[in-house]
Amino acid sequence: MAPPLPALVLLLAVTFPLSAAAAVFPGEALPTKSGYLPIPPANASLFFAFYEATHPLTAPASTPLLLWLQGGPGCSGLLGNFFELGPYFVNPDNVSLSRNPFAWNRRFGLLFIDSPLGTGFSAAPSPADIPTNQSVIAAHLLAALQSFFALDPTFRARPFFLTGESYAGKYIPAAGAHILDANPTLPESLRVNVRGVAIGNGLTHPVAQVATHADAAYFSGLINARQKRELEALQAEAVSLTRAERWREASDARGRVLARLQNMTGLATLYDAAKQQAYQSEPVGAFLNRAETKAALGARGGVKWEECSDAVGAAMHADVMRSVRPQVESLLRRTRVLLYQGIRDLRDGVVSTEAWLGEVDWDGLGVFLDAERVVWRTPGDGELAGYVQRSGALSHVVVYGAGHLVPADNGRAAQEMIEDWVMQAGPFGSGGDGLRLRSAA
C-alpha cells in the first residue's frame, strides 16, 4: 500500500504554539503535534496526538517512540491520553488539567491514535468505511504511521514500540505482524523500525480466555460451586460457537458470560474487583467536547467525541471472538513481546492470559513456562509492584494494585515497567536487578 503524499500530511497535521488555547491547556500540556493522518479510503484520516519525551535518557535521534492504542472495540486513544498515561489528566471539574507524575512520555515520544476509523475524533466518511476486521485496521495503522513519519524525517529511524490495552490485544499483534511483513517489500526509506510490542489486559485469543471466567471468580471467592457450574455451561456455549466459526453468535454468548458474572458477583465493574464504583472517566468526554479543546488539538469542530463508539462496536461485533494468536506467535519469532495485566481484572486478567499463553506455538515457550517468576518491587521504598516472568523474547508482568486500566490504577508501577522493558533495564535487563527482585518461591 503506497503511503500518502507528505504534502497532504503537512496540510492536515498541526503543531501548536505555546500561546494557543491557553484558557484550556497549560502551555506545556499541548501536544507537540496533533491533527489528522490520511489513510485509505479517500477523504479518510485518523486523529493523533503526539508528545515528545520530556526527560529522555538518549539522544533525540535514538529516543524510542511509543504508539498507544485503546481497546473497545471503538474506544478512543485520548482516554489513555487524558485518563491513564499521558502527561496531563482532566480534573473532575471537566475544565482544568493536572500533571500526571507517571506519564509515559517522560523517557519516550508518545503517540496516541484514535483507531479504528470511526473512533474518537477519527470520523468515518460513511458507516460503510468503518473496518470490520483486523486486516483492514492493520493496513490503516500502517498508512497512518507512514503519514506520521512524514511529519519529521528524524522519526522513522527511532526505535518504535506498539503498546495498548484490552481490545488492542488484537490491534497490536495484527498491526505489528503486518508492519513486519510489509517492511521487506518497502523501500528502506519507508520501513518502520519496530522493536517490540506491549499488550495490557488484552483480549487476544478469546476462545481460551472466555473459558477462564468461572475459575477466576470461584477461586477468588466471588461465586460458589453452583454458580461456577452455571457459568461454565455458558462458557462452553461460547467456545462451541467459536469453534463452529459462528462469530456473531459466539460474541453474543461471550456477552452472556460476562453479564451473568456481573450479576452473580454484584461488583461495580468486572474491570476491577476491588472498586466500589466504575472508572470515573466522564470528565474526559466533557473536556474533549469543548470547542476550545477541539481547537487546541486540531480536531474537527463538528465531530462529537465519544469515549467508545457504538457504531464501531457494531461493525466489529463478528470480530470479537476471532483470535490473533498466530500474529503473536509471528511476533515472538521476530521481536520482543510484553504481556501485562492488573491483578484485579476479571475480564481480561491474569488467569485469562495464562490460559492462552499455554497454547502458543513458539519454540521458546517451554523455557518460558519453566522460568522463575520473581517478585518485583519499586525502588527506594521496596513497595510490592507485582511479578515478572521472562525468557527470550517474552516477558509477562502481573501488576499489583491494578485492574483493567493498569496505568490509571498504579501509575508508578506502570511507568517503571514500560521504561525498564523498553530500555531492557531493571527486571528486564540481562541480569535482572537484585534490589528490585526477590524470589517468589
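For the single chain, residues carry numbers from 1 onward in sequence order.
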Say whether, by atom type as modelled, one donor and one acceptor occur between the side chain of [X] and the main chain of [Y] under 3.5 angstrom.
{"X": "Ser395", "Y": "Leu338", "result": "no"}
{"X": "Glu249", "Y": "Arg246", "result": "no"}
{"X": "Ser76", "Y": "Leu78", "result": "yes"}
{"X": "Gln235", "Y": "Ala211", "result": "yes"}
{"X": "Thr293", "Y": "Phe287", "result": "yes"}
{"X": "Thr163", "Y": "Leu67", "result": "yes"}
{"X": "Arg336", "Y": "Val422", "result": "yes"}
{"X": "Arg344", "Y": "Ala273", "result": "no"}
{"X": "Thr353", "Y": "Gly349", "result": "yes"}
{"X": "Ser147", "Y": "Pro38", "result": "yes"}

Atom [atom1] of [X] and atom [atom2] of [Y]: how far apart are they, to the nearest 0.5 Å?
{"X": "Leu405", "Y": "Asp345", "atom1": "CG", "atom2": "CG", "value": "8.5 Å"}
{"X": "Leu79", "Y": "Glu306", "atom1": "CG", "atom2": "CD", "value": "13.0 Å"}
{"X": "His178", "Y": "Asn183", "atom1": "NE2", "atom2": "CG", "value": "10.0 Å"}
{"X": "Glu359", "Y": "Leu365", "atom1": "CD", "atom2": "CG", "value": "10.5 Å"}
{"X": "Leu66", "Y": "Asn105", "atom1": "CG", "atom2": "CG", "value": "10.0 Å"}
{"X": "Leu111", "Y": "Glu52", "atom1": "CG", "atom2": "CD", "value": "11.0 Å"}

Using the rule given for salt bridge (charged side-chain N to carboxylate O under 4.0 Å, His left out), can you reason through Arg334 versus Asp181, listing the C-alpha separation, both sets of side-chain angles and the distance that settles it, and then say yes or no? CA-CA 10 Å; Arg334 296 186 284 181; Asp181 288 343; 2.9 Å; yes

Could you tell me which non-hydrogen atom of [X] sits nearest to which non-hydrogen atom of [Y], and how far apart they are?
{"X": "Pro173", "Y": "Ile199", "value": "CG-CD1, 3.7 Å"}
{"X": "Val367", "Y": "Ser391", "value": "CG1-OG, 3.3 Å"}
{"X": "Ala402", "Y": "Asp409", "value": "CA-CB, 3.6 Å"}
{"X": "Ser62", "Y": "Pro159", "value": "O-CD, 3.6 Å"}
{"X": "Val239", "Y": "Val207", "value": "CG2-O, 3.7 Å"}
{"X": "Val312", "Y": "Pro116", "value": "CG1-CG, 3.7 Å"}

Exercise for the section: Start with the C-alpha distance between Thr204 and Trp356, add both sets of side-chain angles, then the distance that settles side chain to side chain contact (heavy atoms under 4.5 Å, CB included), and finish with yes or no. Expected result: CA-CA 8 Å; Thr204 300; Trp356 74 261; 3.8 Å; yes

Tell me whether [X] is salt-bridged to [Y], with the criterion being a basic N under 4.0 Å from an acidic carboxylate O.
{"X": "Arg325", "Y": "Asp361", "answer": "no"}
{"X": "Arg322", "Y": "Glu245", "answer": "no"}
{"X": "Glu416", "Y": "Arg106", "answer": "no"}
{"X": "Arg260", "Y": "Glu230", "answer": "yes"}

*Can you run down the disulfide bond (SG atoms under 2.5 Å apart) pairs that involve residues 306-402, sequence neighbours left out, and say none if there aren't any?*
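Of all non-adjacent pairs touching residues 306-402, those that pass disulfide bond (SG atoms under 2.5 Å apart) are Cys75-Cys308.
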
Ring-ring centroid check [X] [Y], cutoff 6.0 Å:
{"X": "Trp421", "Y": "Phe161", "answer": "yes"}
{"X": "Phe82", "Y": "Tyr88", "answer": "no"}
{"X": "Tyr36", "Y": "Phe48", "answer": "no"}

Can you give the donor-acceptor pairs under 3.5 Å from side chains of residues 212-221 to other protein atoms, not counting sequence neighbours?
{"residue": "Thr212", "atom": "OG1", "partner": "Gln209", "partner atom": "O", "Å": "2.7"}
{"residue": "His213", "atom": "ND1", "partner": "Leu346", "partner atom": "O", "Å": "3.2"}
{"residue": "Ser220", "atom": "OG", "partner": "Ala216", "partner atom": "O", "Å": "2.7"}

Is the closest side-chain donor-acceptor distance between [X] and [Y] under 3.5 Å?
{"X": "Arg300", "Y": "Ser122", "value": "no"}
{"X": "His396", "Y": "Gln341", "value": "yes"}
{"X": "Asp114", "Y": "Thr119", "value": "no"}
{"X": "Ser166", "Y": "His404", "value": "yes"}
{"X": "Gln70", "Y": "Trp68", "value": "yes"}
{"X": "Asp319", "Y": "Gln134", "value": "yes"}
{"X": "Asp272", "Y": "Thr269", "value": "no"}

Side chain to side chain donor-acceptor pair (under 3.5 Å) assessment of Arg191 paired with Asn193 | CA-CA 6 Å; Arg191 294 175 187 173; Asn193 188 19; over 6 Å; no

Practice item. Report yes or no: is the cationic atom of Lys275 (NZ for Lys, CZ for Arg) under 6.0 Å from the centre of the six-membered ring of Tyr271, at an angle within 45° of the ring normal? Key: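 Lys275 over Tyr271 ring: no.
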
Do Tyr51 and Asn81 pass the side chain to side chain contact (heavy atoms under 4.5 Å, CB included) test, and can you show the C-alpha distance, the side-chain angles, and the key distance before you say yes or no?
CA-CA 10 Å; Tyr51 301 83; Asn81 187 351; 2.9 Å; yes

Quick one, Asp348 with Arg254, criterion salt bridge (charged side-chain N to carboxylate O under 4.0 Å, His left out). Give me CA distance, side-chain angles, the key distance, then yes/no. CA-CA 12 Å; Asp348 306 306; Arg254 176 180 180 266; 3.7 Å; yes

Taking the side chain as every heavy atom from C-beta outward, state whether [X] and [Y] have any atom pair closer than 4.5 Å.
{"X": "Ile113", "Y": "Phe148", "result": "no"}
{"X": "Asn289", "Y": "Lys304", "result": "yes"}
{"X": "Asp252", "Y": "Arg256", "result": "yes"}

*Under the side chain to side chain donor-acceptor pair (under 3.5 Å) criterion, do Tyr340 and Asn201 qualify, and how do the steps go?*
CA-CA 6 Å; Tyr340 67 91; Asn201 295 78; over 6 Å; no

Open item on the list: Is it the case that over 12 heavy atoms from other parts of the model lie below 6.0 angstrom from the OH atom of Tyr400?
Closed with: no

Practice item. Could you check whether the rings of Trp362 and Phe368 sit parallel, tilted or perpendicular, using 30° and 60° as the cut-offs? Key: tilted

